[in-house]
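Here is the structure we will look at, set down as structure tokens.
Numbered from 1 within each chain, the chains take letters A, B, ... in sequence-line order.
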Number of protein chains: 2
Amino acid sequence: MAQKATLGDDVFERLLDLIYSCELPPGAVVNESVLAARFSVSRGPVREAVRRLQGIQLVSREPFMRARVITLEPRAVRELFEMREALEGYASRLAAQRMDPADVEALAAGLDHNRRIGLGADDRQSPAETFDFHERIVRASGNARIVDTLCGDLYHLLRLYRRWSGSAGERRSIAYTEHRQIVLAIRNRDGELAESLMRSHIARAAENVLRHLPASAEAVGTDADVSAA
Amino acid sequence: MAQKATLGDDVFERLLDLIYSCELPPGAVVNESVLAARFSVSRGPVREAVRRLQGIQLVSREPFMRARVITLEPRAVRELFEMREALEGYASRLAAQRMDPADVEALAAGLDHNRRIGLGADDRQSPAETFDFHERIVRASGNARIVDTLCGDLYHLLRLYRRWSGSAGERRSIAYTEHRQIVLAIRNRDGELAESLMRSHIARAAENVLRHLPASAEAVGTDADVSAA
DNA sequence: TGAGCTATAAGTGTCAACAATTCAGGGAGC
DNA sequence: GCTCCCTGAATTGTTGACACTTATAGCTCA
């Protein structure tokens, strides 16, 4: 099915999954040869995939040293969410200026729909809708560069942090209210307000993730090694 | 001298130079084999360098197609500067909150120094000081992720656009005034104002670059080819 | 016993050949 | 005369082997 892309892209996805599933826990050594053997592939594609992960800053890198999956340091979390505040806030402002009226209504409708569906169900419902909401607004900014940065690189990291910190399904009803306010601001074409609301929204989400960080961030994955596979 | 890094890094720098100097003009085909021969190196390092350039979106990329240096489309310029507005604006706000008082004074002093030096000289003086000013503020934000994005990837592109559009040395005295206002806002710890001023400053710079774009952006480099070397 | 040095092993960087895919040109068919 | 397909050449993707760098473990020496 997804056999259309190149091997490097494939390995990239699989590596991402390995990291998501904590099979490659934070701090784990990323060994090109071992991974190549595991995926039944040469070191070339693996190397390429690892370099891409290094580009996202999902694994650390210095020339001849071995690469490691990043750890869950509060500082890195803070920096990631600050960057999201800057970029997504600005994207919201742009969206308020540029978003198609029909798309605004579709966004609002989708939001209500998700609320009705998710209300009675368990509270840990898929964070997919959250990503969907944010992604829609980001895409509405009409800036491909910002879209690529947020929806490509940064969201990988974001999902990772939420998963690692176990703070996924929380704050759902609060988030709904905040999302709704943002939509209203966009509908009113109030870019200033939309940006401000989005920033607050993300800042609160950051606090939530930070509160759920494992006590000793380092201990999670230090000395873990992929060769256990 | 700079023979410490890996070959891939080296080729990356040299490729960047080639693009800066328009030896690889916008739209030019980036041929791995040709470049490898030119640099007396295997295709591996070249491949790696090209992938990095693709990560910066400095050359386009689709799986099996040949890569090309990006062209000078107004849309891409607009998107780049919007992203800078978002990121550098936010960085200015953070800098106002976090910058060391001594560093603020040093920044102000450096600004005045550059002005005194550059005033009598030619107006096309090095844009290095501009980059230096912006880079200092960005670094003062204390957010390594934002610093890497702005000072690493985006500034390559920015330099490129300024060079291609020939809008380098303009706006110097105006820029000085704007820079000075930003420093004052930071000194007063007024993050809100610093962000606003930085955004306006960048927006004006964007207009300046856009105004200097060659009439038909496409015509500059279409069908140009590196194999002429 | 512990600090520092040395050899060995592990891992990354680089290379040249091979396979898979796309692009360009010409010829057949309508 | 135009379109479509087919074939050959150019280019990218992939592979396994080799070279160089770093880290680990053992050894010597205080």
Self-check item: Candidate pair L15(A) and V59(A), rule side chain to side chain contact (heavy atoms under 4.5 Å, CB included), full reasoning
Solution: CA-CA 11 Å; L15(A) 262 180; V59(A) 316; over 6 Å; no
Quiz item: I70(A) and Q57(A): side chain to side chain contact (heavy atoms under 4.5 Å, CB included), yes or no, with the steps?
Solution: CA-CA 8 Å; I70(A) 55 159; Q57(A) 302 189 39; 5.7 Å; no
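For the pair D10(B) CG and dG13(C) P, the interatomic distance rounds to 15 Å; values are reported in whole Å. The nearest whole Å value for the distance from the CZ atom in F39(B) to the P atom in dC15(C) is 13 Å. Atoms CD (E62(B)) and P (dG13(D)) sit 12 Å apart, rounded to a whole Å. Atom CZ in F64(A) sits about 14 Å away from atom C1' in dA10(C), given to the nearest Å. When the C1' atom of dT12(C) is taken as reference, atom CD of Q54(A) falls 11 Å away, rounded to whole Å. Atom CD in E32(A) sits roughly 19 Å away from atom P in dC18(D) (whole-Å rounding).
Using a 4.0 Å cut-off between charged side-chain N and carboxylate O, R38(B) and E23(B) make a salt bridge. A salt bridge between E48(B) and R52(B) is absent, with no side-chain N of the basic residue lying under 4.0 Å from a carboxylate O of the acidic one.
Between H179(A) and H201(A), the two ring planes are perpendicular [angle over 60°; tilted spans 30° to 60°].
Taking only side-chain nitrogens and oxygens, R66(A) comes nearer than 4.0 Å to OP1 or OP2 of dT24(D). A close approach under 4.0 Å does not occur between any side-chain nitrogen or oxygen of R68(B) and OP1 or OP2 of dT11(D).
With no hydrogens or angles considered, a side-chain donor-acceptor pair links E85(B) and Y90(A) at under 3.5 Å.
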Set out, line by line, the N/O atom pairs under 3.5 Å between protein and nucleotides 14-17 of chain D.
unit_1: dT14(D); atom_1: OP1; unit_2: T6(A); atom_2: OG1; d: 2.9
unit_1: dT14(D); atom_1: OP1; unit_2: L7(A); atom_2: N; d: 2.4
unit_1: dT14(D); atom_1: OP2; unit_2: T6(A); atom_2: OG1; d: 2.8
unit_1: dT15(D); atom_1: OP2; unit_2: S42(A); atom_2: N; d: 2.9

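Mapping R51(B) and M65(A) onto DNA chain D by nearest heavy atom places R51(B) at the nucleotide closer to the 5' end.
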